[in-house]
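Computed from a predicted model, the values in this text were never measured in an experiment.
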Amino acid sequence: MNYQQWLTLAEQRLRDNVQQDPFLNAKLDANVLLQAVTKRTKSAIFAFSETELTQIELVQLENFLQRRIKGEPIAYILGEREFWSLPLKVSPATLIPRPDTERLVEITLELVYKRLDSKEYLQILDLGTGTGAIALALASELKNQVHIIGVDKSLDAVQLAQQNQQQLGFKNVTFLQSDWFKALQNHYFDLIVSNPPYIDEQDSNLMQGDVRFEPLSALVASQNGMADLQKIITNAPLYLTNHGALILEHGWQQAEKVRELFKQNKWDSPQTAQDYGGNDRVTWAIWTK
């Protein structure tokens, strides 16, 4: 079987399952799987479409295809996802980094550059780091201007983030196991950033798409998804320097509640920014007390 024959067959088998899983994109998924197994670019596969697949490649492709037909995310099948142009290892122990979280990185960088006008070196904390995506994206941009600590309650997540750090070779990041702030006594930061669990446990979206395979502990929070956001907003001032900032990702309908929590806890000037789809996604505020 050659490249084109396999693509045609795979697309049809995936398409037969689109009705059961509308998140499948048959043509795109088949191409991504074939590129991963053959180690060839999309253009090379197109140009050499009559290339015969080896038996080993066919077996691996069949395994990947069966997993995708069942709805397993491409990122988990391949064990990798790109974020901020960085190749990151992923696993079922962590969330899959998403493009909207790059907005969190962008807002954080804007605030970092403002602080660097008055301070030469900054300490940054990434709460609930998962794959280390946010911390490593910041590290790639800021180099020797910052040191970043990323923490996660899950030891598996911390070890995965450490693997990503070693693969990328960044020296300005440290990953630790910690249940939110618990292991950070006597640490103070200029900025704290987090993409915490914020989905209501009754949300029907938990039964759709990639999130079916992702760890619920990284997705779901009590109090209609607000519990962890509230915990972070309440406790962050104990770990911030004066005029430190807290930047949070949240659900698209939670911005007003998050700003109100900031105000109730005496933060200054909470603001919200939209994601790439135009939805309220990132809210931040400054601590000056």
Side-chain angles (χ1 to χ4, degrees), residues 101 103-130 132-135 137-139 142 145-154 157-158 161 172-198 217-218 221-251 254-273 280-289:
T101 301
R103 280 295 286 143
L104 185 68
V105 175
E106 290 174 353
I107 298 298
T108 302
L109 287 172
E110 290 175 11
L111 293 167
V112 165
Y113 293 136
K114 290 179 182 177
R115 289 302 305 273
L116 286 172
D117 287 340
S118 59
K119 197 170 183 179
E120 292 183 359
Y121 186 80
L122 301 180
Q123 297 278 352
I124 299 175
L125 172 64
D126 175 23
L127 287 170
T129 196
I134 296 169
L138 293 171
L142 297 166
Q145 297 172 293
V146 302
H147 183 261
I148 304 159
I149 293 179
V151 301
D152 203 288
K153 184 178 182 180
S154 164
V158 172
N172 54 343
V173 189
T174 302
F175 292 109
L176 306 171
Q177 186 178 16
S178 179
D179 184 1
W180 296 129
F181 297 99
K182 194 165 288 186
L184 298 170
Q185 300 303 316
N186 301 317
H187 282 76
Y188 298 95
F189 302 91
D190 299 286
L191 296 95
I192 298 175
V193 61
S194 184
N195 177 18
Y198 55 71
S217 60
S222 59
Q223 299 174 27
N224 298 315
M226 296 297 298
D228 289 315
L229 288 161
Q230 181 172 13
K231 183 180 295 184
I232 294 169
I233 289 170
T234 302
N235 289 285
L238 300 174
Y239 301 88
L240 275 174
T241 60
N242 192 35
H243 288 89
L246 172 62
I247 309 100
L248 297 171
E249 181 173 335
H250 51 71
Q254 293 174 325
E256 186 175 349
K257 291 180 180 177
V258 172
R259 288 195 300 270
E260 186 58 35
L261 280 173
F262 272 122
K263 292 174 184 175
Q264 289 173 5
N265 286 276
K266 312 301 183 185
W267 291 79
D268 285 351
S269 307
Q271 301 177 60
T272 297
D280 288 343
R281 186 64 63 188
V282 179
T283 297
W284 69 98
I286 309 297
W287 184 256
T288 61
K289 305 298 181 293

Legend entry - Where I286 and A245 come nearest, the two heavy atoms and their spacing: CD1-CB, 3.6 Å
Inset, instruction - Can you see which heavy atom on A135 is nearest to which on D126, and at what distance? - result: N-OD2, 3.5 Å
Inset, instruction - Please examine the side chains of W284 and L111, heavy atoms only from C-beta on, and report whether any two atoms are closer than 4.5 Å. - result: yes
Inset, instruction - Enter the distance from I247:CD1 to L191:CG here, rounded to the nearest 0.5 Å. - result: 4.5 Å
Legend entry - Side-chain heavy atoms of E256 within contact of E260, under 4.5 Å: no
Legend entry - Interatomic distance, D190 atom CG to R115 atom CZ [nearest 0.5 angstrom]: 5.0 Å
Legend entry - Nearest heavy atoms of A183 and Q177, plus distance in Å: CB-O, 3.8 Å
Legend entry - Residue pair L122, V112: steps toward the side-chain contact (heavy atoms from CB on, under 4.5 Å) verdict: CA-CA 8 Å; L122 301 180; V112 165; 3.7 Å; yes
Inset, instruction - Measure from the side-chain N and O atoms of D179 to the backbone N and O of K153, and report whether any donor-acceptor pair falls under 3.5 Å. - result: no
Legend entry - Within-4.5 Å side-chain heavy-atom neighbours: L104 and N195: yes
Inset, instruction - Give the intermediate values and the outcome of side-chain contact (heavy atoms from CB on, under 4.5 Å) for residues E249 and V193. - result: CA-CA 8 Å; E249 181 173 335; V193 61; over 6 Å; no
Legend entry - Interatomic spacing from CD1 in I149 to NE2 in H187 - rounded to 0.5 Å: 4.0 Å
Inset, instruction - Kindly indicate whether the side chain of E110, heavy atoms from C-beta on, has any atom under 4.5 Å from the side chain of I107. - result: yes
Legend entry - Distance (rounded to the nearest 0.5 Å) between D228 CG and L248 CG: 10.5 Å
Legend entry - N/O donor-acceptor pair under 3.5 Å between R259 side chain and Q271 backbone: no
Inset, instruction - Output yes when a side-chain donor or acceptor of Q254 lies under 3.5 Å from a complementary backbone atom of Y198, and no otherwise. - result: yes
Legend entry - Exercise: do T272 and D280 side chains pair donor with acceptor under 3.5 Å: no
Inset, instruction - Run the numbers on I192 and F181 for side-chain contact (heavy atoms from CB on, under 4.5 Å), then give the verdict. - result: CA-CA 11 Å; I192 298 175; F181 297 99; 4.0 Å; yes
Inset, instruction - Kindly indicate whether the side chain of Y121, heavy atoms from C-beta on, has any atom under 4.5 Å from the side chain of H147. - result: yes
Legend entry - Residue pair Y239 / L127, side-chain heavy-atom distance below 4.5 Å: no
Inset, instruction - Given side-chain contact (heavy atoms from CB on, under 4.5 Å), test V173 with L138 step by step and report yes or no. - result: CA-CA 9 Å; V173 189; L138 293 171; over 6 Å; no
Inset, instruction - Indicate yes or no: does E106 engage R103 in a salt bridge with an N to O separation below 4.0 Å. - result: yes
Legend entry - Note, T129 side chain near V151 side chain (heavy atom, < 4.5 Å): no
Legend entry - N265 (side chain) donor-acceptor with T234 (main chain) under 3.5 angstrom: no
Inset, instruction - Over all heavy atoms of both residues, which pair between A139 and I148 is shortest? Give the atoms and the distance, please. - result: N-CD1, 3.5 Å
Legend entry - Smallest separation among heavy atoms of L238 and Y188, with atom names: O-CE2, 3.4 Å
Inset, instruction - Name the orientation class of the two ring planes belonging to F262 and W267 (parallel below 30°, tilted from 30 to 60°, perpendicular beyond 60°). - result: perpendicular
Legend entry - Close side-chain approach of Y113 and L142, heavy atoms under 4.5 Å: yes
Legend entry - Atom of G130, atom of D152 and distance for their closest heavy-atom approach: N-OD2, 2.9 Å
Legend entry - Euclidean distance, Q223 CD relative to K257 NZ, rounded to 0.5 Å: 10.5 Å
Legend entry - Distance, nearest 0.5 Å, that separates NZ of K114 from NE2 of H243: 13.0 Å
